[in-house]
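Working notes, structure below.
What's counted below: heavy atoms across the whole structure, side chains too, no hydrogens, waters or symmetry copies. The first residue in the sequence is number 1, and the count goes up from there.
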Amino acid sequence: MLGWGPTKGDEKPRVVVLGTGWAGCRLLKDIDTKIYDVVCVSPRNHMVFTPLLASTCVGTLEFRSVAEPIGRIQPAISREPGSFFFLSNCTRADFQNHEVHCQTVTDGVDTLDPWNFRIAYDKLVIAAGAEASTFGIQGAKEHAIFLREVHHAQEIRRKLLLNLMLSDVPGVTDEEKHRLLHCVVVGGGPTGVEFSGELSDFIMRDVRQRYAHVKDKIRVTLVEANEILSSFDDRLRTYAIKQLTKSGVHLVRGIVKDVQPQKIILSDGTDIPYGLLVWSTGVGPSPFVNSLDIPKAPGGRIGIDEWLRVPSVQDVFAIGDCSGFLESTGKPVLPALAQVAERQGKYLAKLLNRMGKAGGGHADAAKEIDFGTPFVYKHMGSMATVGRYKALVDLRKNKEGKGLSLAGFVSWFIWRSAYLTRVISWRNRFYVAINWLTTLVFGRDISRI
């Protein structure tokens, strides 16, 4: 297999980063490219600003507003002779020989056969993320759409607009119209609630004007097994339920047992027909993470110590949703949140920079180096929008802790302001601000492109 061998003593050490999510991109942004050559391996060449992804499904924002190319996050990848981005999947990690085996991404069936290659690393950072959890429910992967990537949002938008237009066609029965125009969201976490809120807002403000023939038939159902927004303050949860119900979202408590092409079946035997099914029930480890022969944290994540190292192998670190503290550290596994991943990426970049300056950048050279202060996560709070210029802001450190919790228009303003400042680049901030203004003045864009 062709590829790159180990770096020589007079060359810059090579950091290989697997993944372009919140953790990997924050590390790429902060790593010192004067010390290291950076090689990033990922099946997507951009980072997605996931908190605003639900807004792109209904045309509040354009897709490019939430995507930032990797070359802009770390310009060295485009300019430096030893730094590269490879549009590939990592298929195997050979920790003993300090190398990863990769396979290029192919687009569709009638394309070139994928190339296999290997890259030797001095430091390996696994930031491969997680994948949507279906809990083994039959048919979920085949028939539901997961709201995790830009192409998922594009698929949701196309299907939603297609169903709206099909329902107008002569000869379509009333029963079929009701099915086509029924949007079902499974999962009552922030993603599911925000998508339901955006969708109900879209129906109230845009569909009723532009699809007047079917305005009374379109509806949204949110299915949740337990409590919606379970991590939020009880008062905020009650407010969210009231607002969603007022917006026309039908809340159903139940466990999905089976997913069929045109309906879902709950454990109590209830059938819910759907035209669009969006699945957002949390995440679990990916097949790549499951394939790694290293100690795992609870929940099947890659086990790490207090410095985000994989202690069983040399020069390997894991950050983001794919990693969790080993039980031996005495620390709980952190939630799969963007703010956790970003904070870990920032910490690890500083650690690697310090290590490189101390002469520990090359393979097996950091054994005697002091790693300094361990990683400590401080929760900044949670936010979610529920549509119609309303949002929730929960600034408590944890569920039992005390702190500020707000709901309503002021929270919505805080939510928008916070996310506008957190968007990856000034270019994207400009896009988002212009999109919001355009939507406010002219309504949402409902072209099916």
Side-chain angles (χ1 to χ4, degrees), residues 14-34 36-57 59-90 100 102-108 111 114-115 117 119 125-129 146-157 319-322 338-339 341-342 344-346 348-349 352 419-436 438 445 449:
R14 186 185 299 139
V15 174
V16 174
V17 182
L18 306 180
T20 50
W22 282 87
C25 286
R26 185 57 205 246
L27 179 120
L28 285 169
K29 185 182 176 185
D30 290 357
I31 196 117
D32 190 342
T33 52
K34 292 187 182 77
Y36 294 103
D37 279 334
V38 184
V39 175
C40 180
V41 177
S42 174
R44 79 175 184 207
N45 74 338
H46 57 274
M47 179 193 162
V48 180
F49 191 79
T50 43
L52 294 177
L53 195 55
S55 299
T56 65
C57 300
T60 310
L61 293 175
E62 283 309 311
F63 300 112
R64 65 178 178 179
S65 305
V66 298
E68 182 71 13
I70 297 306
R72 282 179 178 271
I73 293 170
Q74 179 45 269
I77 275 172
S78 312
R79 293 201 296 250
E80 296 289 324
S83 293
F84 288 87
F85 170 80
F86 296 124
L87 193 71
S88 306
N89 285 302
C90 180
V100 288
C102 307
Q103 186 176 68
T104 55
V105 169
T106 53
D107 197 6
T111 54
W115 279 287
F117 60 97
I119 309 164
V125 179
I126 304 171
F146 306 96
L147 188 51
R148 293 183 55 76
E149 302 283 352
V150 171
H151 67 85
H152 293 149
Q154 288 170 327
E155 196 182 340
I156 289 167
R157 184 155 156 184
I319 51 177
D321 296 355
C322 69
Q339 56 177 303
E342 191 191 26
Q344 287 181 332
K346 186 179 179 180
L348 186 56
L352 290 173
Y419 281 155
L420 191 59
T421 57
R422 300 297 296 144
V423 170
I424 314 139
S425 67
W426 281 103
R427 163 185 168 268
N428 281 44
R429 279 173 210 158
F430 181 73
Y431 279 155
V432 168
I434 292 294
N435 285 170
W436 278 341
T438 309
D445 176 17
I449 299 167

Exercise. Going from CZ on R64 to OG1 on T56, what distance comes out if it is rounded to the nearest 0.5 angstrom?
Worked result: 13.5 Å
For this session: Could you pull out the closest heavy-atom pair between G19 and C40, with the gap in Å?
Result: O-SG, 3.9 Å
For this session: Output all residues satisfying side-chain contact (heavy atoms from CB on, under 4.5 Å) with R44, sequence neighbours left out; order by chain, then residue number.
Result: T20, S42, H46, V48, E149
Exercise. Are the side chains of V125 and L352 in touch, meaning some heavy atoms are under 4.5 Å apart?
Worked result: yes
For this session: Could you please spell out the steps behind the side-chain contact (heavy atoms from CB on, under 4.5 Å) verdict for N428 and F49?
Result: CA-CA 10 Å; N428 281 44; F49 191 79; over 6 Å; no
For this session: Answer whether the closest heavy-atom distance between the side chains of V39 and F86 falls below 4.5 Å.
Result: yes
For this session: Starting at CG of L87, measure out to SG of C102 and round the result to the nearest 0.5 Å.
Result: 11.5 Å
For this session: Evaluate the side-chain proximity of V66 to Y431: yes if any heavy-atom separation is below 4.5 Å, no if none is.
Result: no
For this session: Ignoring hydrogens and angles, tell me if any N or O in the side chain of Q344 forms a donor-acceptor pair with the backbone of G320 under 3.5 Å.
Result: yes
For this session: Taking only Lys NZ, Arg NE, NH1 and NH2, and the carboxylate oxygens of Asp or Glu, determine whether E68 and K29 approach each other closer than 4.0 Å.
Result: no
For this session: Applying salt bridge (Lys or Arg N to Asp or Glu O under 4.0 Å), name anything that partners R429, two or more places apart in sequence or on another chain.
Result: none
Problem set entry | For A341, all residues meeting side-chain contact (heavy atoms from CB on, under 4.5 Å), sequence neighbours excluded | W22, A23
For this session: Considering non-hydrogen atoms only, spot the tightest contact between S88 and V41 and give its length.
Result: O-CG1, 3.6 Å
Exercise. Measuring from H151:NE2 to F63:CZ, what's the distance to the nearest 0.5 Å?
Worked result: 12.0 Å
Exercise. For E62, what residues pass the side-chain contact (heavy atoms from CB on, under 4.5 Å) criterion, not counting sequence neighbours?
Worked result: S65, R157, N435, D445
Exercise. Mind checking what makes side-chain contact (heavy atoms from CB on, under 4.5 Å) contact with D30, not counting sequence neighbours?
Worked result: R26, K346, A349
Problem set entry | Q103 versus P114, closest heavy-atom pair with distance | CG-CB, 3.6 Å
For this session: Report the distance from atom CH2 of W436 to atom OG1 of T438, rounding to the nearest 0.5 Å.
Result: 12.5 Å
May I have the list of side-chain donor-acceptor pairs in residues 69-82 shorter than 3.5 Å, sequence neighbours left out?
residue, atom, partner, partner atom, Å
Q74, OE1, A76, N, 3.1
Q74, NE2, L28, O, 2.7

Problem set entry | Exam field: side chain S55 to backbone L61, donor-acceptor pair closer than 3.5 Å | no
For this session: Answer yes or no: does atom CZ of R427 have more than 12 heavy-atom neighbours from other residues, nucleotides or ligands under 6.0 Å?
Result: yes
Problem set entry | Point-to-point distance, once rounded to the nearest 0.5 Å, from CG of L420 to CZ of F430 | 11.5 Å
